[in-house]
Enquirer: 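I am attaching a structure below and will ask some questions about it afterwards.
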Protein chains: 2
Amino acid sequence: MSTAEETTAGSGGERQPWAEVTPEAARRLLVAAVDAFAERGYHATTTRDIAGRAGMSPAALYIHYKTKEELLARISRIGHEKALAILRDAADGEGTAAERLAEAVSSFVRWHAAQHTTARVVQYELEALGEDTRAEIVGLRKQVDAQVRRLIQEGVEAGEFEVPDAQGATLAIMSLCIDVARWFRVDGRWTPDEVGALYADLVLSMVGAKR
Amino acid sequence: MSTAEETTAGSGGERQPWAEVTPEAARRLLVAAVDAFAERGYHATTTRDIAGRAGMSPAALYIHYKTKEELLARISRIGHEKALAILRDAADGEGTAAERLAEAVSSFVRWHAAQHTTARVVQYELEALGEDTRAEIVGLRKQVDAQVRRLIQEGVEAGEFEVPDAQGATLAIMSLCIDVARWFRVDGRWTPDEVGALYADLVLSMVGAKR
DNA sequence: GCACACTCTAAGCGCCCGCTCAGGCTCCGG
DNA sequence: CCGGAGCCTGAGCGGGCGCTTAGAGTGTGC
């Protein structure tokens, strides 16, 4: 796992966000769908709108995807895998638990801010997925949660953190990070880097890290 | 403002949630709409579904509401006013800034957990509102934010809190509380009271309150 | 006892949805 | 030069959508 494409790191942007989607027309449709779903929501988006944004006729969509829902499924799957890779890289890195937690939170938040259109679809359109896909995605989300959970437990065991309820802290931290996708605006007060740094700091306070 | 109905306090539940909506048939429709919007989202909910849940024919809806959107508007307005009242009561209460912030967060979170169906519609279906209503609701949200912002500033001025970025902290706290509506499940690990207490504690850590 | 307002239903209008299908390009191996 | 695969379009299907309309049942004031 853990794709080899994010070596540039730095600000959470990816060099080639949907490079794994081919052919090019299928990628164009998928990118159009991400924009439309993020703007209006899955149910309020029409297949005609998606095809239009990609510069194609409505029928072209069905050459590359069986249904509108399959588009959402592919977006959700790729997005969750990306989110998991980001957290795993940080959690498996070097340094104290506090350093790794700070890195995990700041890079996870940077991604949610910089790719907030994608993240909005990935995090808030789960309910629109079919049963099978949803079950699969829920599995991925549990793995995502487990990374943060593990980091907190390591910190507690090492005596770096002071947390009365590890599961509650995990939940709150994930919730805080994910919700960035809802409120982040590109023309707002903060850059993705700034939000990442701010949030890493707040999270260290939440787990009572010695400073 | 600040309705006189929540004197029972305790667990964040209201005795008569939609008492201000009359006649009774209009209230039944509104409650049905809240359930449906929360379950499936505004755009995926049909007027036939709402009417059916309320035990009426599809046409009955249009006797009490001009459009489907007006239903959402009334839900959103009443919900935001309730949220504002909860925060204002806590912020205007007695005690240190830390005590009032803890009370504000725990009661705000209790409401988001106990009334999570309502809160989900109120917090996550803003984009479906028409332009005029949305502008009005955005105004209410600014007032909600201002309550928390004020509490944090008071705590900083009194030397109770240590916050590098007051606006950032306000945003993060609001985000944390609001997102409860997304993940809270009645059959989950926590009761509304427990989440309220947990979150009040975490928020006090975030603002560096002396303990 | 009757006119009227209020509340509701059965039926259905016009529209746009997700999706299909027959056919036409273009490119490539032989 | 031909045949077939891959990609795309125009036209349109069945159906469900938000909402309207005509009219029936019920309660109230006078």
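As a basis for the values below, the full set of heavy atoms in this structure was taken, side chains included, without hydrogen atoms, waters or symmetry mates. Note on naming: letters A, B, ... go to the chains in the order of the sequence lines (proteins, then strands), and numbering restarts at 1 for each one.
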Enquirer: Taking only side-chain nitrogens and oxygens of B:H64, does any of them come within less than 4.0 Å of OP1 or OP2 of C:dC6?
Expert: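 No, no such contact exists.
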Enquirer: Are B:K68 and B:Y42 in a cation-pi setup, meaning NZ or CZ lies under 6.0 angstrom from the ring centre and within 45 degrees of the ring axis?
Expert: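 Checked: cation-pi criterion met.
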Enquirer: Which heavy atom of B:R120 sits nearest to which heavy atom of B:F184, and what is that distance?
Expert: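 Smallest interatomic distance, heavy atoms only, reads NH2-O, 3.2 Å.
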Enquirer: Rounded to the nearest Å, what distance is computed from the CD atom of residue B:E24 to the P atom of nucleotide C:dC6?
Expert: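 It is 18 Å, rounded to the nearest whole Å.
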Enquirer: Using a cut-off of 4.0 Å between protein heavy atoms and nucleotide atoms, how would you tag nucleotides 11-23 of chain C 5' to 3' with B, S and -?
Expert: -B----BBBBB--
Enquirer: Under 3.5 Å, is there a donor-acceptor pair linking the side chains of B:Q123 and B:H112?
Expert: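 Checked: B:Q123/B:H112 side chains pair up, N/O donor to acceptor below 3.5 Å.
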Enquirer: Could you tell me the separation between the CG atom of B:D49 and the C1' atom of D:dG16, rounded to a whole number of Å?
Expert: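 After rounding, the reported distance stands at 13 Å.
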Enquirer: Only one of B:D49, B:T45, B:D35 forms a side chain to side chain donor-acceptor pair (under 3.5 Å) with B:R40, so which one is it?
Expert: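 Among the candidates, only B:D49 passes.
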Enquirer: Please give, in whole Å, the distance from D:dG25 P to B:I63 CD1?
Expert: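 Result: 16 Å.
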Enquirer: Aromatic rings A:Y199 and A:W183: how do their planes relate, parallel, tilted or perpendicular, breaks at 30° and 60°?
Expert: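 A:Y199 vs A:W183 ring planes: tilted.
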Enquirer: Considering non-hydrogen atoms only, spot the tightest contact between A:S76 and A:L126 and give its length.
Expert: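 Distance-wise, the nearest heavy atoms are OG-CD2, 4.5 Å.
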